[in-house]
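Here the structure is a predicted model, which is why all the values come from computation and not from measurement.
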Amino acid sequence: MISMSPVRPGAGVRYLFRGVMVGDGHRAAGTPLRAAQGEAGVPPGVWKGRGLAAVGLTAGDVVSERQAELLLGEGRHPDADRIERELLAQGKTPEQARRATVLGRPIEHNRSPETDKAKERTPWLASDLVFRPPPTAHIAWALMDDEHRRVLELCDDVVRDKTLEWLEESVAQIRSKAGGKQRARVKDGLIVAVFRHYESRATESRPLLHAHAVVSVRARRPHDGKWGNLSADSLMTHIVAADTLYTLYFMEEVSARLGWAWEPREVTPGRRPVMDIAGIDRCLIGWQSTRRQQIEDALSVLTDKYEERQGHAPGEKAGYALACQAADQTRSPKRKELLSLTELRTRWRDSAIRAFGACTVYRLAERARAAAAAVWARVRPVIDIALAAVDVVAVVYVMRGTFKHHHLLAEARRHLSYALRGRPHQPGLDDQIVQAVVDDYTRPVGRGLKMTADLRALYPRDTEDQAVLRPLTRKRSAPQYERARLAAGALAARVRAARRADRLGSRPRPYVVTVPAASRSHPRPFRTGGQDGRRQEPETGVDTVEQTRQTLEAAAAQVAATLQDSRRAREAAHGPRPQPTPATAPPPHTQQPGAQHTPGRTTGGVA
C-alpha cells in the first residue's frame with residue numbers, strides 16, 4: 001500500500017533528517033548522515049525521477065546530506081553552494097546570490113506577516129510517499145534465504161519506480177497564476193529521494209520492508225520552464241489509484257520471478273480483502289502484524305465509547321477517524337538500539353522458530369510453490385471486459401454513490417488483482433475497463449467531473465434486478481463492501497443470462513473476452529431501449545424457449561427427410577447396399593466384460 005504525508009518547514013524537516021533518512025532509528029545530534037545510516041544498517045538514499053536533469057543530478061546517485069538540506073529542506077538548488085560562490089566572485093551581493101539558487105518562490109515569503117492564509121504560511125516542501133508491499137511479502141523477505149530476499153527487494157525497486165513513472169506521466173500537475181488556480185503537466189518530471197527501511201515501529205521489532213519516496217514540491221512549468229510548486233491535491237486525489245497499481249505490479253513481478261501465486265484474504269469481515277502469497281501460514285501473518293493487533297485493541301475501546309456517546313455504530317468516515325486516533329495512541333517511540341539487517345533477520349528467524357517450529361519457517365518457499373500450482377490450475381488468466389465493467393461500476397456506485405475517474409481506475413486495478421492472481425495483464429487493460437464503464441454504465445452529475453451509475457443501463461425495465469439492487473444502496477445494517485459484492489454478483493448474473501438468451505436465439509453478441517495478449521475493444525453490452533437510442537434489452541421466457549425448441553425440431557425433421565429421400569434415390573439407382581456379416585452375439589441376458597448397458601443410449605448415432 002501507499003500512504004502520503006506532508007514535509008513542512010520545522011518539525012517536518014527535522015523528522016525527515018533525524019528519522020526517515022536513517023531507517024526510522026534515532027540519529028544523535030552531530031552524527032554524519034552516512035555514519036548514522038551505517039549504524040542503523042540501512043542503505044543510503046538514492047535520487048529518482050526524470051526531473052533530476054534540470055538540477056544536474058542523475059538517477060541512482062546517493063543522496064548527500066547537504067543536497068537534501070538544500071532541495072528538500074529549503075527549496076533551493078542542490079548545488080547552491082557552488083552557484084553562490086560563482087555569483088559572489090562575479091560581484092553579486094549575498095542576497096542576490098542566494099535568490100538565484102531558489103527554485104521558485106522562496107520559503108521566506110510564506111513566513112512573512114504579509115500572507116493572509118495560514119495554509120500559505122506553512123507550505124509543503126515535499127510529500128513523503130511510503131511504499132509497503134503486501135503483508136506476506138514481509139514474511140517471505142524476512143524468513144527465507146538471501147536469494148529470495150534479494151529478489152523481493154528487486155521486485156519492490158522495480159515496481160516502485162514504475163509507480164513513480166505513472167505519477168509523473170499521468171498525475172503530477174504544477175500550479176500557476178494567482179492562488180494556483182491553473183494546473184498543467186510538469187515539463188520534465190519529478191525529483192524524488194528514496195530511503196529504504198527494514199522494520200516496523202512495534203515494541204518488538206518486526207519485519208516491514210518499505211521505502212520512503214520523498215517527492216520534492218519543486219518542478220518546472222511546461223510553457224516557460226520556470227520553477228513552481230506541484231499540486232499536492234492531485235497527488236492526494238490519486239493516491240489510492242497509485243496504491244492499487246503498485247500492488248498489481250508487485251504481484252506480477254513476484255509471480256514472474258519466483259513463480260508464486262496470490263489469493264485474497266479477508267482481514268475484517270465485510271471489508272475489502274488483501275492479497276497474500278498463497279501457501280504462507282496464517283499464523284506467521286499474526287506473528288508479523290503485532291502493530292496491527294495493538295491498533296485493533298485500542299480501536300475496539302474507542303468504538304465502544306463512540307457507540308455509547310452517539311447511540312449508533314460509526315460510519316465509514318467516523319471509523320477511519322477512530323482508526324487514526326487508535327494508531328496515534330499506540331504509536332511507540334523510536335527504537336534507539338541500532339542493528340544491521342543480518343542481525344535483524346537472525347532475530348526474526350529465531351523468534352518465528354521458537355513460536356511455530358523450524359519446519360514452518362524453512363519450508364516457506366516449498367509450500368509457496370506447491371500452493372501456486374494449485375492456484376494456477378483453477379484460475380484462468382482471462383479478463384472479460386464486460387463483466388469487469390459491471391463489477392467495477394456496481395462496487396463503486398454502492399460504496400460512493402457519486403464518483404470520479406480515479407475511483408473507477410482504482411477499482412479496475414483491484415479487479416485485475418483478484419482475477420489474475422499475479423499473472424501479467426495487458427498494458428492499458430485497466431483503462432479499457434474504465435472506458436467501458438464510462439461509455440456504457442454512467443451519466444454525469446452536476447457541472448464537474450463527477451458521475452454516477454446510469455440505472456437505465458444497469459436495470460432492465462421489468463425484472464427483479466431493480467428490486468434486488470436498489471435496497472442495497474440504502475441498507476445500513478450490512479457493511480458497504482458486502483453490499484457492493486452482492487450488487488456486483490446480481491448484475492453479473494443478469495449479464496450471463498442475457499448472453500445465454502442470445503445463444504438460444506442464435507443472435508451474435510458483440511462482447512469480447514480479453515486475455516492478456518488481446519487487442520483493445522470497447523464492448524457496449526446490455527443497453528436498454530428508450531429515447532436515448534439504447535438498444536432494447538433481450539427478454540428470456542417460457543415462450544422464447546418453447547419457440548426455440550420447436551424451431552430446432554422442425555429443422556431436425558427436415559434434415560431427416562432429406563437424408564431419407566437421398567437414400568431411396570441411391571437404392572433405386574444402384575440397388576440396396578450389402579450389409580456386413582454380424583458378429584457372434586453373446587448369449588441372452590449376458591454382457592461383454594467391461595460393457596454396461598445404459599437405457600436410452602446407443603453406441604452410435606443419436607438416442
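Arg175 forms no cation-pi arrangement with Trp227, by the criterion of a distance under 6.0 Å to the ring centre and an angle within 45° of the ring axis.
For His197 (side chain) and Glu199 (main-chain N/O), no donor-acceptor pair under 3.5 Å exists by modelled atom type. Judged by distance alone, the side chain of Glu168 and the main-chain N or O of Arg50 form a donor-acceptor pair under 3.5 Å. Counting only distance, with no hydrogens or angles, the side chain of Thr93 and the backbone of Gln96 share a donor-acceptor pair below 3.5 Å. Judged by distance alone, with hydrogens and angles left aside, the side-chain atoms of Arg413 form a donor-acceptor pair with the main-chain N or O of Ala241 at under 3.5 Å. The main-chain N or O of Ser170 is found under 3.5 Å from a side-chain atom of Arg185 such that the two form a donor-acceptor pair.
Side-chain atoms of Asp431 and Gln435 form no donor-acceptor pair, as typed in the model, at a separation below 3.5 Å. Arg183 and Ser231 are linked by a side-chain donor-acceptor pair at a separation below 3.5 angstrom, with hydrogens and angles left out of the test. With no hydrogens or angles considered, a side-chain donor-acceptor pair links Tyr246 and Asp156 at under 3.5 Å.
Between Arg99 and Glu95, none of the side-chain N atoms (NZ, or NE/NH1/NH2) sits under 4.0 Å from a carboxylate O, so this pair counts as no salt bridge. A salt bridge links Arg66 to Glu69: at least one charged side-chain nitrogen sits closer than 4.0 Å to a carboxylate oxygen.
Among the candidates Val22, Val63, Val62, the single residue satisfying the side-chain contact (heavy atoms from CB on, under 4.5 Å) test with Leu33 is Val22.
Sparse packing is recorded around CG of Leu449, with 12 or fewer heavy atoms of other residues, nucleotides or ligands lying under 6.0 Å away.
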